Amino acid sequence: MKNKINLYSALLMIFFVLVFSSCEKSEIITIDENYGGIAFFTASGSTEADSLSYSFAYNTTELERDTIFIDMRLTGEIKSYDREIGVTAAEGTTAVQGVNFELPKVMLPAGEYAVKYPLVLFNTPDLTTKDFRIVLKVIETKDLKIGALGREIGTTVIANGGIRNSSTTINMDKYVVNFNNKLTEPDYWAGLEASGYGTFSITKFQFMLKTLGTEKMELAAQWNYNQTLSYLVQMQNALQAYEQQNGEMIDENGQPVLFE
């Protein structure tokens with residue numbers, strides 16, 4: 001009888017240990033329903049995944065200020081009320097807040113999972129000779145923490161009766177903006193040069209901006225094959241018309257402007 005009681009007690013103890021362990025594991029993996037985080041995000045295949053470059057010189061009219069919109073999104077549940085987003089200028093920033101740029105207070109609207117953060121840049125006189133950098137960093141507020149980072153998130157969508165995967169994206173807690181008021185060689189020029197646009201020069205770039213327009217040039221990194229060839233033909237025709245009236249166009253390096 002004593003052996004049966006001991007066996008029963010042992011089995012009962014094992015049962016309680018298993019139940020207790022199960023409860024502990026449940027507590028560890030439970031997600032707080034009130035959790036909400038925010039992060040910058042971008043397509044992983046973009047030319048500048050975690051940064052962008054801006055120049056006031058691209059504008060056809062002189063601007064005193066301009067606004068750059070940077071994508072941010074929620075990690076967590078969508079809520080029925082507005083939530084404050086926290087963004088600050090982090091280490092590595094060379095521009096002066098209040099002089100060269102402004103960080104507006106922004107809310108994530110009720111019922112939304114994404115927002116565009118409006119970074120305001122000021123066109124100060126020193127931008128014609130200097131390059132400035134702003135390192136934006138997400139900071140915690142009373143409403144939102146720093147969102148889950150480094151995740152590549154691909155979504156599946158149904159289109160035209162078929163299933164396809166959307167672009168993979170990446171969450172980041174930092175985003176870098178470089179800006180000036182100078183025409184400089186854009187990061188995507190190597191691709192244009194390989195497509196027949198030739199060696200970069202400021203004179204050539206200004207001619208392209210005037211011929212194609214600022215909006216098209218701002219999207220040059222996203223041109224598809226047909227657009228790239230079509231715009232090249234347009235530039236060749238425009239240059240030919242210029243040369244018929246003015247002779248060769250000579251760039252700042254003393255070289256003729258060519259679209260080969």
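This is a predicted model, so every value here is computed, not measured.
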If hydrophobic clusters are built from ILVMFWY residues whose side chains come within less than 4.5 Å, do [X] and [Y] share one?
X      : Y      : answer
Leu149 : Val176 : no
Phe122 : Val177 : no
Val135 : Met72  : no
Phe40  : Ile146 : yes
Leu258 : Leu232 : no

Where is the tightest heavy-atom contact between [X] and [Y], given as atom of each residue plus distance?
X      : Y      : answer
Ser53  : Asp187 : OG-OD2, 4.4 Å
Arg83  : Leu74  : NH2-CD2, 3.5 Å
Leu144 : Gly37  : CD2-N, 4.0 Å
Phe69  : Thr67  : CZ-CG2, 3.7 Å
Ile250 : Pro256 : CD1-CA, 3.9 Å
Ala148 : Thr75  : N-OG1, 3.3 Å

Do any N or O atoms from the side chain of [X] and from the backbone of [Y] form a donor-acceptor pair under 3.5 angstrom?
X      : Y      : result
Gln236 : Phe259 : yes
Thr93  : Ala95  : no
Gln227 : Asn224 : yes
Trp223 : Leu192 : no
Asn253 : Gln255 : no
Ser230 : Asn226 : no

Taking the side chain as every heavy atom from C-beta outward, state whether [X] and [Y] have any atom pair closer than 4.5 Å.
X      : Y      : result
Val120 : Phe101 : no
Lys137 : Val87  : no
Met208 : Met235 : yes

Which is it for Asn181 and Thr128 under the side-chain hydrogen bond (donor to acceptor under 3.5 Å, both in side chains) test, yes or no, and what are the steps along the way?
-> CA-CA 5 Å; Asn181 193 6; Thr128 58; over 6 Å; no
Within a radius of less than 6.0 Å around [atom1] of [X], do more than 12 heavy atoms belonging to other residues, nucleotides or ligands occur?
X      : atom1 : answer
Tyr113 : OH    : no
Lys182 : NZ    : yes
Glu252 : CD    : yes

Going from [atom1] on [X] to [atom2] on [Y], what distance comes out if it is rounded to the nearest 0.5 angstrom?
X      : Y      : atom1 : atom2 : result
Lys145 : Glu140 : NZ    : CD    : 4.0 Å
Ile78  : Tyr81  : CD1   : OH    : 12.5 Å
Thr184 : Asn178 : OG1   : CG    : 9.5 Å
Tyr117 : Ile68  : OH    : CD1   : 12.5 Å
Leu209 : Ile202 : CG    : CD1   : 11.5 Å
Met172 : Thr169 : CE    : OG1   : 9.5 Å

Test applied, side-chain contact (heavy atoms from CB on, under 4.5 Å); reference residue, Leu121; option that passes from Leu63, Ile134, Leu127, Asn100 |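 Output: one option passes, namely Ile134.
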Is it true that [X] and [Y] have a side-chain N and a carboxylate O under 4.0 angstrom from each other?
X      : Y      : answer
Asp50  : Lys174 : no
Asp71  : Lys116 : yes
Asp143 : Lys79  : no

Which one of Tyr58, Tyr188, Tyr197 satisfies the ring pair (Phe, Tyr, Trp, His ring centres under 6.0 Å) criterion with Phe205?
->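 Checked Tyr58, Tyr188, Tyr197 against Phe205; only one passes ring pair (Phe, Tyr, Trp, His ring centres under 6.0 Å): Tyr58.
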Does the pair Leu136 and Leu103 meet the rule for a side-chain contact (heavy atoms from CB on, under 4.5 Å), with working shown?
-> CA-CA 9 Å; Leu136 298 175; Leu103 300 178; 3.6 Å; yes
Arg73 to Phe41, cation-pi by 6.0 Å centre distance and 45° axis angle |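 Verdict for Phe41: a cation-pi partner in Arg73.
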Full working for side-chain contact (heavy atoms from CB on, under 4.5 Å) between Glu243 and Met249 = CA-CA 7 Å; Glu243 290 176 338; Met249 181 183 295; 5.5 Å; no
Applying side-chain contact (heavy atoms from CB on, under 4.5 Å), run through Glu193 and Thr199 and close with a yes or a no.
-> CA-CA 6 Å; Glu193 184 171 357; Thr199 305; 4.0 Å; yes
Please report the C-alpha distance between Asn180 and Lys130 in whole Å, then the side-chain angles of each, then the deciding distance to 0.1 Å, and finally whether the side-chain contact (heavy atoms from CB on, under 4.5 Å) criterion is met.
-> CA-CA 7 Å; Asn180 58 34; Lys130 295 180 180 178; over 6 Å; no
